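To keep things clear, I will list the structure first and then write my remarks on it.
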Amino acid sequence: MSLLHLLTLSPFLLAALIPLLGKAVPRLHTGWFAAALSALLFAALLGYLPEVRAGSPITESFAWIPSLGISFTLYLDGLSLLFALMITGMGALVAVYSVAYMDSSKESPTSFYVCLLTFMGAMLGLVLSDNLLTLYGFWELTSITSFLLIGYRHENYRARYGALKSLLITMTGGLGLLSGFVLLYVMSGTYRIRELFEVGAPLASHPLFLPAMILILVGAFTKSAQYPFHIWLPDAMEAPTPVSAYLHSATMVKAGLYLVARLSPVFSGTPEWFWLVSLGGLVTLLYGSVAAVKQTDLKGILAYSTISQLGLIMCLLGLSSLSGIFDGEEQLLYAAAGTAALFHLLNHAVFKGALFMVAGIVDHETGTRDIRKLGGLAQVMPIAFTISLFGAFSMAGLPPFGGFLSKEMFLEAVVETLHAGVFDLHTWAALFPFVAWIASVFTFIYSALFVTRTFLGPRKKAMRGLKIHDAPALMTIPPALLAALALVLGLFPGLAAYSLIQPAAEAMMPIAAADGGRIPVEIKFWHGWTPALWMTIGIVAFGALLAWSARRWAKLYAFFPRRLSINRFYDASLRFFERITVWVTAFYMNGSSRSYVKYILGFMMLVLGFILFNSTDVTFRVGAYAQIAPYEWVILLGLAAGGIAVPFAKSRPVAIILTGTVGYMMTLMFVFLRAPDLALTQMVVESISVTLYLLCFYHLPKLRTEQQAVRFRLPNFLVAIAVGVLMTLVALAVLGTNPFEPISDYYVRESYESAGGKNIVNVILVDFRGFDTMLEIMVLAVASIGIYNMIKLRRKATDVGSRHVSHDGDESDEDAAVFRHAQYGHDGPTEETLDERGSAENEQLEPLEAETSESEGGKLSELGEPDDRDSASPETEVPRMKGGDSDA
């Protein structure tokens, strides 16, 4: 195993050791271990930078499943290195930030850091994998770990709802992704990404090419919250702020962008790829920026701004695919869009991570994230104000920050589409700069509102009595470093342009860097009086005007039909499928064990009968059997008599003894058939089983016998006859049909030669079926642990999804009631239900009222109420522990 493999797997190893380290060093916060490992990984990956920059990617591989041709192959080039550095670098800063944010005295940080490290390892494996199947495995692991992180405060109903929503949407997209990967394998015969690149043009002419493209884009769009799959991201803001700063700025939401960038050499140059990626990103950009303006929660604003920025990057990735159909200068011209996408991807991770951390600081110090209750914090929180100013300026695309440079490159790229002249762009090309300009204006507006409504203006009356100050150093240093980096990327863009962006662009667009050429990366402030510069001037002018007058025109949001939202469609779909599943379950889950056995055996007999009677090479052997000795007849009759007598037993001990008699008769049969190992095993198992059953049943009430009339049931009769007849035919078919060489010869030969054992049965169980035996042991171990916990806890059904739940003294009782009502009352998490719950919680609030200053005319923000759950804004503020997020 190479060093690169060890770096990739080290987060998983530390995640397994975190519980032990937490107990071994209880005085040291667990987050320091995660921060140290992340910093070490970041430094180690930086060591590969000179080699990757020189155009020499690193490939490390070892066989994982050789029989299927699957190897755990890691490929480190410019693109994967850029993402890996963002994952580890942001991971280190978030871990340090979380040390101060997570209050270990009120909530256990162990599970948090286990999930965080596992997620980090999954992201590293995703961006470094060169095999589609291993990439998919890490892809789904990111969905699972993000589900656990978003629902970390699982006592909160909204956290559970947001976690489930993100899991359902991203894993549904993951199934489409897997299907697309399988189709790629069918077309190319390989799962290796490098080998897919070598196949080239023949893939595009294959009839499965377009279905594979669409399925893969569904997976990428769901993970990167592209419209209309974006609805999970605002609800994911229920996660603790360190999770939001990590997952939703630099890692998870970037996975879909990475996939599109990585597979661009396979699909670029086709009109379907261009329109799906670029137009999908453009729609997401516009929707996210417009929706962000009406949010009243800081993390809600950042959630929709993230959707908007992800759409911008996705649009640029689509525009960069035009480089696959041009040559020379035109090719490099459109390759610049890919360079802009990678540069803005880095800028977005920097400024959005800083802003998320600032939102957490404000919430930590004031107890709220609602901008209608905030204001005037610049005087008491000058450091947080400065950080948010740097981050918001970069997000708005203002100089001298890095966001200004990448935004200018974006505007230049959309203007260049006017000259493409392919894919019907002569008709629709004007759509790109027009929509991009409008979306950029709204981007400026929500960036301005984030700062002005939080830090400027007079302080609200509810805030005047609170002792508000800047956060501790550990919470301030990480966002301060990111804010400073946003400025450095603007003033000295060459530091990242030639070391990170250029190698990544060449890996993403190898056709533009063919024959050893380099893709020129020109990132600078002044390009002359270009159309992009005039668009920027218009963005700042109109954006400032609209931000200043937002209270007047924001009432227009009320005219949007709230009933026609994707969230409502999601909730309605969820309730519909709940009704269907409850109806189907009620149909066959009637409490009768006899019915369950009938369904299982009936279905099995239908499938078995269909296979048996449609097989043309099955022969039923009806003669030439070995003679049955008289003593064997005696054993068989005794066995049958014991089995028949069990249902007629008058007490449980007698029934158990009769059942044991059947087992002992089988032991005797094994003895006469010269199978002493099986006989010994059967005798030991039967003795232990009978003893344990007798001990357990001794404590049960006396068996009651009731006289009931036996009724004839035709379905039961048919199933019983079918089982008897079909199993007899199967036995005859097994004896009469032998299409393959007996495997027993292989076991006899290899048991000693390969496994070094003389006892064939033991060798089969331990060596040839080692994994099977291990999994059986694991099942028994899990069952034992579950039984032990049930006995130890002595609690009644505490699962919030149970129909019969007792929550005496449980703080989450109300949340559980809402959840059960949604599950079995079919009302779902509707606005009315959540509003009622919010009103009940509001009665317990500290006296923190949302009063506006006299200059505001005593009115709250008129930016409109949240549309269904398209907003992460809290209607009411709920009490929470210090260091936590308010319920959004």
Side-chain angles (χ1 to χ4, degrees), residues 61 64-75 79-80 122 125-144 167-229 254-281 314 317-318 320-321 324-325 423 507-511:
S61 178
W64 180 26
I65 309 178
S67 59
L68 298 178
I70 299 176
S71 299
F72 186 21
T73 303
L74 300 180
Y75 186 83
L79 184 62
S80 55
L126 189 155
V127 301
L128 294 176
S129 293
D130 191 43
N131 186 288
L132 292 177
L133 289 185
T134 53
L135 186 152
Y136 172 74
F138 286 119
W139 180 281
E140 293 295 58
L141 185 56
T142 60
S143 296
I144 295 172
L167 184 71
L168 289 177
I169 294 176
T170 57
M171 294 202 77
T172 300
L175 291 176
L177 181 68
L178 177 61
S179 303
F181 285 170
V182 172
L183 292 182
L184 281 181
Y185 174 78
V186 171
M187 291 186 287
S188 63
T190 181
Y191 284 113
R192 289 285 303 274
I193 298 176
R194 300 307 115 196
E195 295 175 358
L196 282 173
F197 296 166
E198 296 172 1
V199 175
L203 284 179
S205 59
H206 199 282
L208 296 178
F209 182 78
L210 183 58
M213 176 195 300
I214 294 174
L215 290 170
I216 289 173
L217 285 180
V218 167
F221 280 19
T222 53
K223 187 73 81 172
S224 288
Q226 299 295 296
Y227 188 89
F229 307 108
K254 302 291 175 64
L257 300 176
Y258 169 80
L259 185 68
V260 171
R262 176 57 77 196
L263 295 182
S264 284
V266 178
F267 297 106
S268 64
T270 60
E272 296 85 2
W273 179 263
F274 169 79
W275 283 113
L276 287 173
V277 177
S278 60
L279 199 57
M314 189 68 77
L317 292 176
S320 68
S321 67
I325 60 175
F423 305 153
M508 185 180 76
M509 298 173 289
I511 189 172

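Worth saying up front: this structure is predicted, and the values here are computed from it rather than measured. We use all heavy atoms of the structure for the numbers below, so side chains are in, but hydrogens, waters and symmetry mates are not. Along the sequence shown, the residues carry numbers beginning at 1.
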Exercise. List the steps, then state whether side-chain contact (heavy atoms from CB on, under 4.5 Å) holds for Phe267 with Ile216.
Key: CA-CA 11 Å; Phe267 297 106; Ile216 289 173; 3.9 Å; yes
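- Rounding to the nearest 0.5 angstrom, the gap separating the CG atom in Leu126 from the OG atom in Ser80 is 11.0 Å.
- Contact detail for Val260 and Ala220: the closest heavy-atom pair is CG2-CB, 3.8 Å.
- Taking all atoms of both residues into account, the shortest heavy-atom contact from Met314 to Leu257 is CE-CD2, 3.5 Å.
- Minimum interatomic distance between Phe181 and Tyr191 (heavy atoms only, all atoms of both residues): O-CE2, 4.0 Å.
- Between the side chain of Trp275 and the backbone N or O of Phe423 there is at least one donor-acceptor pair closer than 3.5 Å.
- Checking Ser321 against Ser268 by side-chain atom types alone, no donor-acceptor pair falls below 3.5 Å.
- The OG1 atom of Thr73 lies 10.0 Å from the CD1 atom of Ile193; values are rounded to the nearest 0.5 Å.
- Looking at Glu272, its side chain never comes within 3.5 Å of a backbone N or O of Thr270 through a donor-acceptor pair.
- A donor-acceptor pair under 3.5 Å is formed between the side chain of Tyr258 and the backbone N or O of Val127.
- From Leu178, atom CG reaches atom CG of Leu133 across 7.0 Å, with rounding to the nearest 0.5 Å.
- Taking both residues in full, the closest heavy atoms of Phe221 and Val277 are given as CZ-CA, 4.3 Å, listed atom of the first, atom of the second, then distance.
- Using modelled atom types, no side-chain atom of Lys223 and backbone atom of Leu259 make a donor-acceptor pair closer than 3.5 Å.
- The distance from atom CG of Leu135 to atom CG of Leu128, rounded to the nearest 0.5 Å, is 10.0 Å.
- Going from atom CZ of Phe229 over to atom OG1 of Thr222 covers 6.5 Å, rounded to the nearest 0.5 Å.
- Residue Tyr136 is tested with Asn131, Leu141, Leu175 for a side-chain contact (heavy atoms from CB on, under 4.5 Å); the sole match is Leu175.
- Judged by distance alone, the side chain of Ser264 and the main-chain N or O of Met508 form no donor-acceptor pair under 3.5 Å.
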Quiz item: Would Leu177 and Trp139 satisfy side-chain contact (heavy atoms from CB on, under 4.5 Å), going step by step from the backbone distance to the final call?
Solution: CA-CA 10 Å; Leu177 181 68; Trp139 180 281; 3.5 Å; yes
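- In terms of heavy-atom proximity, Met187 sits nearest to Ala212 at CE-CB, 3.8 Å.
- Looking only at distances, a side-chain donor or acceptor of Ser188 sits under 3.5 Å from a matching main-chain atom of Thr190.
- Of all heavy-atom pairs spanning Ala122 and Thr142, the tightest one is CB-CG2, 3.6 Å.
- Note that CG of Leu210 is 6.0 Å distant from CE of Met213, once rounded to the nearest 0.5 Å.
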